Every structure is written in C-alpha cells, then in structure tokens.
Amino acid sequence: IFGVDENPNLPIVSILGPAERSLSPVDTLNLYTTTTQASCAEKASTISYKWTVLENGVTVTKTSFSATPTKFSLLPYQLNVGSVYTFVFEATAKATVNTAAITGRASTTVKIVSGAVVVTVVG
C-alpha cells in the first residue's frame, strides 16, 4: 500500500464502529482507533496522533480524559443536545531522510439526542 507520491509511510487509520452514531447526554463517549503502516514503511518513521472536534461544522475544544492518544473519551454531559459532532483522528508519520511527512485521517459523526425523562413519585 502506497500513499501520496509513493510514500510507504502513510498511516492507515480507522475509528472503530459505525461512521455515524447517536448518544444521549448521559452517555460516556469512547472512540477507539487502529493505526497500521505497510510492511515496507521505514522503521525511522515515527507516528504522532491528533484529534480534532467539530460541533455543527465549527472547531471546538474538547479534551479527552483518555491517557492513550489513539482513544478519545468524554465524560457524560460534555456534549450539547441537538448538536452534531465530527471527531477527526489523524496519524502523521514524521518526515525521514527519504520521505516527507504524511498524514492518514478518519472521522466519525456523533449526534447528541435527548435522553428519556425519568420521574420518580414518592408517597
């Protein structure tokens, strides 16, 4: 597998699960990824990771509580009801003596829907 300009270091990335999903505000968000490189990738090519979050098409700041850069996690009530979020995961293979830096990307869409209302009557 070769990328742009025959660069063998292109990271092949994916976000596990469906491309589109729905959550309620009380849900914890956990996004898991996979990253691989072709067997012919240069050993000197190290990979860095980055997440970008868009809310209704506008970049917003959301900080994952996961210590693992390939996993994005948010606690409940961090996302707004009615909003559609796009989570973009990037893996960049740094430049080497032989090749330029190159980035692989994957994204998933998360729609935040109203949760069920629960009423408790006492007495």
Side-chain angles (χ1 to χ4, degrees):
I1 298 173
F2 291 98
V4 179
D5 297 327
E6 300 294 313
N7 188 333
N9 299 328
L10 175 67
I12 302 154
V13 300
S14 64
I15 298 174
L16 302 178
E20 297 180 5
R21 51 194 98 195
S22 295
L23 294 176
S24 68
V26 300
D27 294 327
T28 298
L29 173 71
N30 288 301
L31 299 175
Y32 300 89
T33 66
T34 60
T35 304
T36 58
Q37 285 182 296
S39 59
C40 57
E42 296 176 81
K43 300 300 179 215
S45 175
T46 58
I47 297 178
S48 61
Y49 304 99
K50 176 184 172 187
W51 286 92
T52 303
V53 181
L54 294 93
E55 180 179 2
N56 301 322
V58 178
T59 302
V60 293
T61 301
K62 296 290 180 185
T63 303
S64 173
F65 72 82
S66 173
T68 305
T70 57
K71 176 184 174 188
F72 195 92
S73 297
L74 289 176
L75 293 170
Y77 303 106
Q78 299 297 305
L79 302 174
N80 299 316
V81 172
S83 289
V84 176
Y85 292 87
T86 303
F87 292 83
V88 181
F89 175 69
E90 295 180 342
T92 300
K94 297 190 192 253
T96 66
V97 173
N98 301 313
T99 59
I102 191 164
T103 301
R105 291 176 185 84
S107 66
T108 189
T109 301
V110 179
K111 182 177 181 181
I112 307 304
V113 297
S114 297
V117 176
V118 178
V119 177
T120 303
V121 178
V122 178

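Both backbone and side-chain heavy atoms feed into the values below; hydrogens, waters and symmetry mates do not. All values derive from a computational prediction rather than experimental measurement.
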> Measure across Leu54 and Gly57 and return the closest heavy-atom pair with its distance rounded to 0.1 Å.
CD2-O, 3.5 Å

> Given side chains that start at C-beta, do those of Lys94 and Ser48 come closer than 4.5 Å, heavy atoms only?
yes

> Evaluate the side-chain proximity of Val110 to Ile112: yes if any heavy-atom separation is below 4.5 Å, no if none is.
yes

> Donor-acceptor pair, distance only, cut-off 3.5 Å: does the side chain of Asn9 make one with the backbone of Glu42?
yes

> Minimum heavy-atom separation for Pro11 and Thr35, please, with both atom names.
CB-CG2, 4.0 Å

> Using a distance-only test with no angle check, is there a side-chain donor-acceptor pair under 3.5 angstrom linking Thr34 and Ser14?
yes

> Is the closest side-chain donor-acceptor distance between Glu55 and Ser83 under 3.5 Å?
yes

> So, do Phe72 and Ile15 sit near enough that their side-chain heavy atoms are less than 4.5 Å apart?
no

> Using modelled atom types and a 3.5 Å cut-off, is there a donor and acceptor pairing between side-chain atoms of Thr108 and backbone atoms of Ala19?
yes

> If you define the side chain from C-beta out and look only at heavy atoms, does anything of Lys71 sit under 4.5 Å from Ser73?
yes

> Apply side-chain contact (heavy atoms from CB on, under 4.5 Å) to the pair Tyr85 and Thr109, showing each step before the final yes or no.
CA-CA 6 Å; Tyr85 292 87; Thr109 301; over 6 Å; no

> Between Pro76 and Thr28, which heavy-atom pair has the shortest distance, and what is it?
CD-OG1, 3.5 Å

> Below 4.5 Å, heavy atoms only, C-beta onward: do Leu29 and Phe87 meet side chain to side chain?
yes

> Give, for atom CD1 of Ile47 and atom CD1 of Ile102, the distance between the pair rounded to the nearest 0.5 Å.
11.0 Å

> Is it true that Val84 and Val53 fall in one hydrophobic cluster, defined by side-chain heavy atoms closer than 4.5 Å?
no

> Tell me the closest heavy-atom pair linking Pro8 and Ala38, and the distance in Å.
O-CB, 4.0 Å

> Are Val88 and Ile12 linked, directly or through intermediate hydrophobic residues, by side-chain heavy-atom contacts shorter than 4.5 Å (ILVMFWY only)?
no

> Treating Trp51 as the side-chain partner and Pro69 as the backbone partner, does any N or O pair qualify as donor plus acceptor under 3.5 Å?
yes

> Using side-chain heavy atoms (C-beta onward) and a distance below 4.5 Å, is Leu31 in contact with Phe89?
no

> Taking all non-hydrogen atoms of both residues, which atom of Lys62 and which atom of Gln78 are closest, and how far apart?
NZ-O, 2.7 Å

> Of all the heavy-atom pairs spanning Val81 and Ser114, show the shortest one and how long it is.
CG1-OG, 3.5 Å

> For the residue pair Thr92 and Lys50, establish whether any side-chain heavy-atom pair is separated by less than 4.5 Å.
no

> When you group the ILVMFWY residues by side-chain heavy-atom contacts below 4.5 Å and let the links chain together, are Leu23 and Val60 in the same group?
yes

